[in-house]
2 protein chains.
Amino acid sequence: MKIGELARRTDCRVVTIRYYEREGLLPEPARSEANYRLYGEAHVERLAFIRHCRALDMTLDEIRALLDCHDHPDRPCHEADALIDAHLDHVAARIAQLQALEGALQALRARCQGQHSAAECGILDALAHPPEDAVANASADGDHVAGVHPRL
Amino acid sequence: MKIGELARRTDCRVVTIRYYEREGLLPEPARSEANYRLYGEAHVERLAFIRHCRALDMTLDEIRALLDCHDHPDRPCHEADALIDAHLDHVAARIAQLQALEGALQALRARCQGQHSAAECGILDALAHPPEDAVANASADGDHVAGVHPRL
DNA sequence: GACACTTCCTATAGTGACTATAGGCATTGC
DNA sequence: GCAATGCCTATAGTCACTATAGGAAGTGTC
């Protein structure tokens, strides 16, 4: 099949497939006479694997490591386990962080009901002079779980 | 004060301050004879405002909008309110998403206790052939709240 | 005054995981 | 024969920074 069908079957953009190829996550496929990429079922499976990992918010580096396990079925799978564990930790940490953030935002929101001018707005005031601890715990500590504005 | 002191007082890197200036979030300060940037208390306050917003994971565009409100105290503050509301929605959505993700990862993790070879590993198997719905709800829907791997 | 060390300056490129654009060839349907 | 679509490559842009290079100015010690 050509790249468009692969894209349709894996719910992945065509450009993204080519990007994965450049990044070495997908092997270079055969080419037609017209130089079109030609894929088989193995490619569908591998791309599906990648997209599932991405849906779980793993980085391409993490996925590379998992694919490496996948490509060496004779080796033990401690690595894969450890990777998932570490990733779980990151996700849990990020959730806690965002919940703190949600609390801070709700407190902020409660300070204004929209009836004032900006000069009297409790929100703007609080942002200019926050109560010290309100925001302290909400900021990330480099734990590799992304901020509030994803791309996907 | 010079840029280093401003950075220390606001817990913000020097390069980041210059970046905010280039982005128009901070006004260009006065310069010393040696061309060093010279800041006053107004800059400290404005930068603190920006950093608090960033700690709440707002984008620079959102912050620009809030600063615009801040800079026009005579105007009503509906905009600021609406912005915080929208941001809260995004954070809440992201939390829900990550919790779904956490569940999917825990289910995944439970499939292997690390005693197998990669060929028998339940994790790798599940990633290659997931049970359809497991991952479906975990993937983002472009709601602008970032993925699992932040930078900050 | 000579030297090292730190702080400051500008400009440019890199990060991750894509997305967008330009310019062009191949295929398909009418 | 022609337009619409799909495919190709290559390059640049996204966001919020971070890193690096190369140099000038200020500070402290001998």
Side-chain angles (χ1 to χ4, degrees), chain A residues 1-26 28-39 47 50-65 87 90 139-140 142-152, chain B residues 1-26 28-39 47 50-65 67 90 139-140 142-152:
Chain A
M1 84 201 72
K2 285 182 286 185
I3 199 170
E5 192 185 335
L6 179 61
R8 238 169 290 121
R9 287 186 47 184
T10 54
D11 197 29
C12 176
R13 305 256 183 123
V14 166
V15 280
T16 303
I17 296 174
R18 289 198 279 248
Y19 170 70
Y20 289 158
E21 183 182 323
R22 275 203 305 285
E23 290 296 304
L25 296 173
L26 282 175
E28 293 187 22
R31 296 285 186 138
S32 75
E33 283 197 4
N35 200 32
Y36 288 10
R37 288 169 179 82
L38 294 179
Y39 298 97
L47 183 51
I50 295 170
R51 293 308 289 174
H52 297 144
C53 291
R54 282 295 296 142
L56 295 172
D57 238 331
M58 299 179 197
T59 64
L60 296 193
D61 270 348
E62 288 171 327
I63 297 172
R64 241 183 291 269
H87 190 64
H90 295 146
S139 68
D143 226 344
H144 117 128
V145 179
V148 183
H149 306 267
R151 207 143 319 277
L152 266 192
Chain B
M1 81 200 74
K2 286 183 285 184
I3 199 169
E5 193 184 335
L6 178 62
R8 239 169 290 120
R9 286 187 48 184
T10 54
D11 196 30
C12 176
R13 304 255 184 123
V14 166
V15 281
T16 303
I17 296 175
R18 289 198 279 250
Y19 169 71
Y20 288 158
E21 182 183 323
R22 274 201 306 284
E23 289 295 305
L25 295 173
L26 281 175
E28 293 187 22
R31 297 285 185 138
S32 76
E33 283 196 5
N35 200 32
Y36 288 9
R37 287 170 179 81
L38 295 178
Y39 297 97
L47 183 50
I50 295 171
R51 294 308 289 173
H52 297 144
C53 292
R54 282 296 295 141
L56 295 172
D57 238 330
M58 299 180 199
T59 65
L60 296 193
D61 269 350
E62 288 172 327
I63 298 172
R64 240 183 291 269
L67 282 172
H90 295 146
S139 68
D143 226 345
H144 118 129
V145 178
V148 183
H149 306 268
R151 206 142 319 278
L152 266 189

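Here the structure is a predicted model, which is why all the values come from computation and not from measurement. Every heavy atom of this structure was used, including side-chain atoms; hydrogens, water molecules and symmetry mates were not. Residue numbers begin at 1 in each chain, while the letters A, B, ... track the order of the sequences.
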Tell me the closest heavy-atom pair linking A:Leu38 and A:Arg31, and the distance in Å. CD1-C, 4.0 Å
Check the phosphate of [N] against [X], side-chain N and O only, distance under 4.0 Å to OP1 or OP2. Yes or no?
X: B:Arg18; N: C:dC9; value: yes
X: B:Arg8; N: C:dT7; value: no
X: B:Thr16; N: D:dT18; value: yes
X: B:Arg37; N: C:dT10; value: yes
X: B:Tyr20; N: D:dA16; value: no

Nearest-angstrom distance from the residue atom [atom1] of [X] to [atom2] of [N]:
X: B:Glu62; N: D:dC15; atom1: CD; atom2: C1'; value: 12 Å
X: B:Ile3; N: C:dT7; atom1: CD1; atom2: P; value: 13 Å
X: A:Glu5; N: D:dG6; atom1: CD; atom2: P; value: 13 Å
X: B:Leu47; N: D:dC17; atom1: CG; atom2: P; value: 11 Å
X: A:Asp61; N: C:dT15; atom1: CG; atom2: C1'; value: 12 Å
X: B:Glu21; N: C:dC8; atom1: CD; atom2: C1'; value: 13 Å
X: A:Asp11; N: C:dC18; atom1: CG; atom2: C1'; value: 15 Å

How do A:Arg22 and B:Leu38 order along DNA chain C: which one's closest nucleotide is nearer the 5' end? B:Leu38
How long is the straight-line distance from CG of B:Leu6 back to CD1 of B:Ile17, given to the nearest 0.5 Å?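 Interatomic distance, B:Ile17 CD1 to B:Leu6 CG, rounded to 0.5 Å: 4.0 Å.
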Drop me the distance from A:Arg54's CZ to A:Ile63's CD1, to the nearest 0.5 angstrom.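 Between A:Arg54 CZ and A:Ile63 CD1, I get 6.0 Å after rounding to 0.5 Å.
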Using the side-chain heavy atoms of A:Arg31, tell me which of these nucleotides is nearest: D:dT9, C:dC8, C:dC18. D:dT9
Quick check for you: among C:dC9, C:dA20, D:dC8, whose closest atom lies nearest to any side-chain atom of A:Arg13?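 For A:Arg13, the side-chain atoms sit closest to C:dA20.
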Protein-nucleic acid N or O pairs under 3.5 Å, nucleotides 20-26 of chain D:
none

Heavy-atom side-chain contact between B:Glu62 and B:Leu56 under 4.5 Å: no
Going by heavy atoms in the side chains, are A:Leu25 and A:Tyr19 under 4.5 Å from each other?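 No, every pair of side-chain atoms sits at 4.5 Å or beyond.
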Taking B:Arg37 first and then B:Glu28, would you say they form a salt bridge - that is, a charged N and a carboxylate O separated by under 4.0 Å? no
Output, in order, the C-alpha distance, side-chain angles, deciding distance and verdict of side-chain hydrogen bond (donor to acceptor under 3.5 Å, both in side chains) for B:Tyr39 and B:Arg9. CA-CA 12 Å; B:Tyr39 297 97; B:Arg9 286 187 48 184; over 6 Å; no
